[in-house]
S.K.: 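Let me begin by handing over the structure; questions about it come next.
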Number of protein chains: 2
Amino acid sequence: MITVSIVEDDDEIRQSLSMLINATDGFECISTHPDGESAVKKIPNELPDVILMDIGLPGISGIETIKRLKEKITDIDVIVLTIHENDKFVFDALCAGATGYLLKETPPLRIMESIIEVRNGGSPMSTQIARMVVTSFKLNPAPDLTQRETEVLSCLVDGMSYKMIADKLFISEETVRRHIKNIYRKLEVHSKSEAVAKAIREKLV
Amino acid sequence: MITVSIVEDDDEIRQSLSMLINATDGFECISTHPDGESAVKKIPNELPDVILMDIGLPGISGIETIKRLKEKITDIDVIVLTIHENDKFVFDALCAGATGYLLKETPPLRIMESIIEVRNGGSPMSTQIARMVVTSFKLNPAPDLTQRETEVLSCLVDGMSYKMIADKLFISEETVRRHIKNIYRKLEVHSKSEAVAKAIREKLV
DNA sequence: TTAGGAATAACCCATTTGGGTTATTTAATA
DNA sequence: TATTAAATAACCCAAATGGGTTATTCCTAA
């Protein structure tokens, strides 16, 4: 028996999800909550196996609700079920600790399969979401940077000082400074930490 | 008709995959390659819709092969098909530009479904892989750091100077220095760029 | 064959940063 | 109530960094 809680403000959706779960052998919907506050308060006592979580909730957001619940119950599986397929919502939800992310157009059968999948150590996602997630890993070629400059930028991202970079690349510290000046000009930054931040954010290395 | 190329050094696997694809209506395996070199040389002329790619190849690795192919053909879909479920291989493959990642235990039907899925804008992954990918987004609480220190660390990650942080938080530059010293001690680093690198690598902010 | 980019190297100077020390106020908690 | 942690602030000094300028060598492409 897999126990499920639902956090969803729309009465109709909440009830039909609950009915779907209870109508399926081996599943039980043990509670439903219309907002994040009551979910955060009560779910730690109810301890379901899986939570189906909406993102657009009144009061505290679904993201914040996930964060607070995961702090209290680290090993719970949260599947986001939402209409939002916006980058920010998706990545914020995953950073907060969501294990799966389904769009509301997901057919009922697929929702039930996802609950099983998440219990089996998977991370069910709608196809668009999976693509967004995978694409986010893709490295961008650092525009304009020469090969050597790219190497130096990697060293910066590794937290190395001018001296350490010089030693590693067998060149003088002055040459390192030269390369770094060129990197700053090309990336339009003015310090190591800005360069590192930009390189990582834009996945240049 | 979806056209597929296979890059796989094991003769038996390569042939059975090719047969599987050609035996399925709507799919055609237009070429197979036993190593990365020949794949990089020939696939740009063959232009399949999808490539099934092994990682453990003789000569240049599957990762490197993906990287070089994606440089030449940006809009091609590469599905990795491998026994390696090691973190490093998975993330390196995705950074190189792989769109899907299946383990070799994947049943034939699921492989064919994955080819369709990738053509429909998805990113097919084995369940374990999806979980690894999703888990990699999870933020870790910065150990020991106080709330203010965490705020300052965020500013560092944004590439801000002491002065900018002081202005933003409405405190003196000296206090910023104080916080940063404490951050360095706790994270065991000795410079801004090391702190930024560590914060991002360990997802502390 | 020559112009230009890439990589190398050096010097000057001001600013920023990193490490050490000390101290006050406030809030939490034992 | 006494203690502790967190946040605030200041000073000293040395080292690292950032910006400007100039120059040489090598290789590639026009």
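So that the names make sense, note that chain A is the first sequence line, chain B the second, and so on, each numbered from 1. Fair warning: this is a prediction, and the values are worked out from it, not measured in the lab.
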S.K.: For a quick test of reading the model, state the closest non-hydrogen atom pair linking T32(B) to S18(B) and the distance between them.
M.R.: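 Smallest interatomic distance, heavy atoms only, reads CG2-CB, 4.1 Å.
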
S.K.: Consider the side chain of H179(B), meaning its heavy atoms from C-beta on, and name the nucleotide among dA6(D), dT8(D), dA7(C) that approaches it most closely.
M.R.: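 My answer, after comparing the listed nucleotides, is dT8(D).
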
S.K.: Indicate yes or no for a side-chain donor-acceptor contact from K198(B) to the backbone of L187(B) under 3.5 Å, with no hydrogens or angles considered.
M.R.: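 Answer holds: yes.
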
S.K.: If a protein heavy atom is under 4.0 Å from the base, mark B; if only from the sugar-phosphate, S; if neither, -; do that for nucleotides 9-22 of chain C going 5' to 3'.
M.R.: BBBB---SSBBBBB

S.K.: Quick check against the 3.5 Å criterion: does T74(B) have a side-chain atom that pairs as donor or acceptor with the backbone of K70(B)?
M.R.: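 Absent.
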
S.K.: Any chance NZ of K41(A) has more than 12 other-residue heavy atoms, nucleotides or ligands included, within less than 6.0 Å?
M.R.: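 12 or below, so no.
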
S.K.: What string of B, S and - do you get for nucleotides 24-30 of chain C, 5' to 3', if B is base contact, S is sugar-phosphate-only contact and - is no contact with any protein heavy atom under 4.0 Å?
M.R.: -------

S.K.: Of the non-hydrogen atoms in E149(A) and K186(A), which two are nearest, and what is the gap between them?
M.R.: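 For E149(A) versus K186(A), the nearest heavy atoms are OE1-NZ, 2.7 Å.
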
S.K.: Grab the two heavy atoms, one from D9(A) and one from G56(A), that are nearest each other, plus how far apart they are.
M.R.: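 Looking at all heavy atoms of both residues, the closest pair is OD1-O, 3.5 Å.
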
S.K.: Let me test you: for the helix from dT1(C)-dA30(D) to dA30(C)-dT1(D), what is the angle between the axes at its two ends (five pairs each), rounded to 10 degrees?
M.R.: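 The value is 50°.
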
S.K.: When the distance from CD of Q147(A) to P of dA7(C) is rounded to whole Å, what number comes out?
M.R.: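 It is 7 Å, rounded to the nearest whole Å.
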
S.K.: For the backbone of L102(B) and the side chain of S126(B), can you confirm whether one donor and one acceptor N or O come within less than 3.5 Å of each other?
M.R.: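 Judged by distance alone, no pair lies under 3.5 Å.
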
S.K.: It should be established whether T146(B) places a side-chain nitrogen or oxygen under 4.0 Å from OP1 or OP2 of nucleotide dA7(D).
M.R.: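 For T146(B), the contact criterion (side-chain N or O under 4.0 Å from OP1 or OP2 of dA7(D)) is met.
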
S.K.: Round to the nearest Å and state the distance from I183(A) atom CD1 to dA7(C) atom C1'.
M.R.: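 In whole Å, dA7(C) C1' and I183(A) CD1 are 13 Å from each other.
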
S.K.: Look at the side chain of D35(A) and the backbone N and O of S38(A), then say whether any donor-acceptor pair between them is shorter than 3.5 Å.
M.R.: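 Indeed, once roles are kept as given, a pair shorter than 3.5 Å links the two residues.
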
